[in-house]
Amino acid sequence: MRLSQYFMPIMRDMPKEAEIISHQLMLRAGLVRQSSSGIYSWLPAGHRVLRKISEIVREEQDRAGAIEMLMPTIQSADLWIESGRYDDYGKEMLRITDRHGRDMLYGPTNEELITQIFRDGVSSYRDLPRNLYHIQWKFRDEVRPRFGVMRGREFLMKDAYSFDLSVEDARRAYYRMFTAYLRTFARMGLRSIPMAADTGPIGGKLSHEFIILADTGESEVFCHADLLEMDTPDIETDFDGDLEQVFNAWTAKYAATEEMHDAARFEKEVPETKRISARGIEVGHIFNFGQKYSEAMNCRVQGPDGKLITLEMGSYGIGVSRLLGAIIEASHDENGIIWPLSVAPFHVGLVNLKSGDSVTDTACEALYADLTSSGIEVLYDDSDNRAGAKFAAMDLIGLPYQVVVGPRGLQDGNVEIRTRAGGEQQTMDIAAAKTYLNEKIRDGLTVQ
RNA sequence: CGGGGUAUAGCUCAGCCUGGUAGAGCACCGGCUUUGGGAGCCGGGGGUCGAAAGUUCGAAUCUUUCUGCCCCGACCA
């Protein structure tokens, strides 16, 4: 993509409505624009990141055996009356009346709808287990939206729903999602820590929040430092196998959010030097809620003995749009965003230091064409801004690699390659630069 | 929903106290000079001053009401 033909309005000044760093940087880097409180438009670069995050989520859900579908944003109130949550949900649910006077709502979540769809589509134990998910916009009319996309009213969420015949099967379904979540966040360069969680209004028994440590996190969290060093389940993980060990290993050490925190237990179980008391961002939340909805909504199948079995269910959410904020909170410096390669809007920023100079233009065009044709996503700054302005903009938008092409280096046939994360700079000839970038990016994108 | 702020150009802000018909920096357009970490000079475009009502000869400025947005708290992916 040529910057001269793109739409990425960068702001030099700090927008006053933004308080926390991720929100400031998202606005300044031209990723989002606020439409109204807690509601955002996703500009082209922000949309690219959103898509990449969604794709990682999708790949890991699929790997764990979940099946993608898509449910609507607008739902009928009837279903919610059936489950008993129409009144419980309160003002956070945006209620709408259609032209016929029917009560509708903008879905804050989808347990009711999926339960109805599933129960109507399945009648035998042979159809179980199943886990269905979608990635769809949700609306929760938060009392106080804040921190940009971290707590928006409209937000993109992946929600999966598992259906099983027995409590044991349901636990296995839970372990699969648990494991998939560890992998999902790790692929975005995040260290997530599963923490025992309160089950909240969704109800149920077993529940974990996946927390990213960050100073601007909304909740206070406590955990064992070893959790920051644990190995993430790798690509060889067998999701058809027994994942209980993964679950046990990750839940053996103390980790709890404020609501579940037990100070006495924390001090007893965690040596003083290993105690982490910090703030965290919740990027995922998984629940096993047994028969709460299947009972209320009559979701049953016939077993081998002809008797009806009420299904065991779980739901598994990931805040996809929130993850942009979380990643930036976890990865930035005073100059701007530092995108992990896997979710960066582009892999490489190509900086032409002297647009209009035929030598640099020619070199840049050739490099742009070569890199692009080898599958690398390049944002080519072909504008005629000054060098300093281009560097500042590149650092702000935070692409993982910068290739700086200028007349000085080209005299010796060289370009400069900079790594946004570490700040390393190396000079090499153009052929070497191509090889270097191809290798680095291919390796960096290989799923471990 | 309680408390506190704030609203003037795309962004950051000044002007308001003491009413006289709107400014700066950045960004943008044109020109010249410049060109390796947010250049300089010259010229230019752009604002129903959040909305409504009131006071007044005259309101960005004073009064009242409303609204948006932000922060703290309670609540939540």
Side-chain angles (χ1 to χ4, degrees), chain A residues 9-20 23-24 27-28 30 33-39 57 89-93 107-110 135-160 181 197-202 207-212 216-219 257-259 280-287 315-323 325-326 335-336 351-357 360 381 383-396 402 404-411 414-416 418 423 425 427:
Chain A
I10 286 174
M11 288 190 275
R12 190 165 169 175
D13 290 315
M14 198 83 85
K16 70 175 171 188
E17 82 231 31
E19 190 76 5
I20 66 166
H23 191 194
Q24 292 168 350
L27 291 167
R28 287 190 55 214
R33 283 295 180 267
Q34 181 164 324
S35 163
S36 63
S37 181
I39 302 178
V57 169
Y89 226 94
K91 285 188 159 177
E92 211 170 293
M93 186 155 74
T109 177
N110 287 62
I135 298 175
Q136 177 64 293
W137 293 93
K138 304 291 188 289
F139 194 93
R140 295 185 190 171
D141 201 0
E142 294 283 343
V143 209
R144 182 151 91 84
R146 63 186 125 170
F147 303 149
V149 300
M150 300 272 272
R151 177 160 299 283
R153 293 193 293 171
E154 185 183 68
F155 58 99
L156 189 60
M157 175 170 162
K158 184 284 301 184
D159 40 326
Y181 275 36
D198 196 4
T199 50
I202 294 185
S207 176
H208 286 85
E209 290 180 15
F210 286 74
I211 300 282
I212 307 300
T216 44
E218 285 194 280
S219 42
T257 58
E258 204 174 358
E259 308 85 62
I281 301 166
E282 180 185 353
V283 290
H285 199 161
I286 61 179
F287 301 87
S315 80
Y316 314 89
I318 290 180
V320 174
S321 46
R322 171 180 285 182
L323 273 165
N335 296 321
V351 178
N352 182 340
L353 281 183
K354 196 169 182 179
S355 293
D357 175 87
T360 49
D381 187 348
S383 68
D384 56 4
N385 285 324
R386 299 170 69 83
K390 292 187 177 191
F391 293 143
M394 274 299 168
D395 286 348
L396 173 64
Q402 299 174 7
V404 179
V405 180
R408 191 185 294 171
L410 283 178
Q411 284 176 355
N414 288 332
V415 298
E416 218 171 275
R418 303 175 181 185
Q425 305 190 10
T427 300

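Chain naming here is simple, since letters A, B, ... match the order of the sequence lines and numbering starts at 1 in each.
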Scan [X] against the nucleic acid and name what it touches under 4.0 Å (heavy atoms): base, sugar-phosphate only, or nothing.
X         : value
Phe147(A) : sugar-phosphate
Gly388(A) : sugar-phosphate
Met11(A)  : sugar-phosphate
Gln34(A)  : sugar-phosphate
Gly317(A) : nothing
Ser36(A)  : sugar-phosphate

Just do the side-chain contact (heavy atoms from CB on, under 4.5 Å) check on Thr216(A) and Phe147(A) with the steps written out, would you? CA-CA 9 Å; Thr216(A) 44; Phe147(A) 303 149; over 6 Å; no

[N] [atom2] sits how many Å from [X] [atom1], rounded?
X         : N       : atom1 : atom2 : value
Glu19(A)  : rC69(B) : CD    : C1'   : 13 Å
Met394(A) : rG36(B) : CE    : C1'   : 15 Å
Asp141(A) : rA77(B) : CG    : C1'   : 15 Å
Phe155(A) : rA77(B) : CZ    : P     : 9 Å
Arg146(A) : rC72(B) : CZ    : C1'   : 9 Å

Which residue, His23(A) or Ser321(A), contacts RNA chain B at a nucleotide closer to its 5' end, judged by nearest heavy atom?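 Going by which nucleotide is closer to the 5' end, it is His23(A).
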
If each of Ala387(A) and Ser37(A) is mapped to the nucleotide of RNA chain B with the nearest heavy atom, which maps nearer the 5' terminus, i.e. the 5' end?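 Nearest nucleotide further toward 5': that of Ala387(A).
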
Between rA77(B), rG36(B), rU12(B), which nucleotide has the shortest distance from any of its atoms to the side chain of Arg140(A)?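 That would be rA77(B).
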
Please determine, for the side chain of Lys91(A), which listed nucleotide (rC1(B), rU12(B), rA27(B)) has the closest atom? rC1(B)

Which one is paired to [N], where only Watson-Crick or G-U wobble pairs with both distances under 3.5 angstrom count?
N       : answer
rA7(B)  : rU67(B)
rA60(B) : none
rC41(B) : rG31(B)

Distance check, [atom1] atoms only: [N] and [M], in whole angstrom units.
N       : M       : atom1 : value
rC29(B) : rA51(B) : P     : 29 Å
rA9(B)  : rG45(B) : C1'   : 11 Å
rG50(B) : rA60(B) : P     : 10 Å
rG10(B) : rC49(B) : P     : 13 Å
rC17(B) : rC62(B) : P     : 5 Å
rU61(B) : rG20(B) : P     : 11 Å

Between Lys158(A) and Val320(A), the two heavy atoms sitting closest are N-CG2, 3.8 Å

Measure across Gln402(A) and Met394(A) and return the closest heavy-atom pair with its distance rounded to 0.1 Å. NE2-CB, 3.5 Å

Phosphate oxygens OP1/OP2 of rC75(B): is one of them under 4.0 Å from a side-chain N or O of Arg144(A)?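 It does not, given that no N or O in the side chain of Arg144(A) lies less than 4.0 Å from OP1 or OP2 of rC75(B).
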
Chi angles and distances behind the salt bridge (charged side-chain N to carboxylate O under 4.0 Å, His left out) call for Glu218(A), Arg146(A): CA-CA 10 Å; Glu218(A) 285 194 280; Arg146(A) 63 186 125 170; 3.7 Å; yes

Going by 5.5 Å between centroids and 30° between planes, is there a stack of Phe391(A) over rG36(B)?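 Base of rG36(B): not stacked against Phe391(A).
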
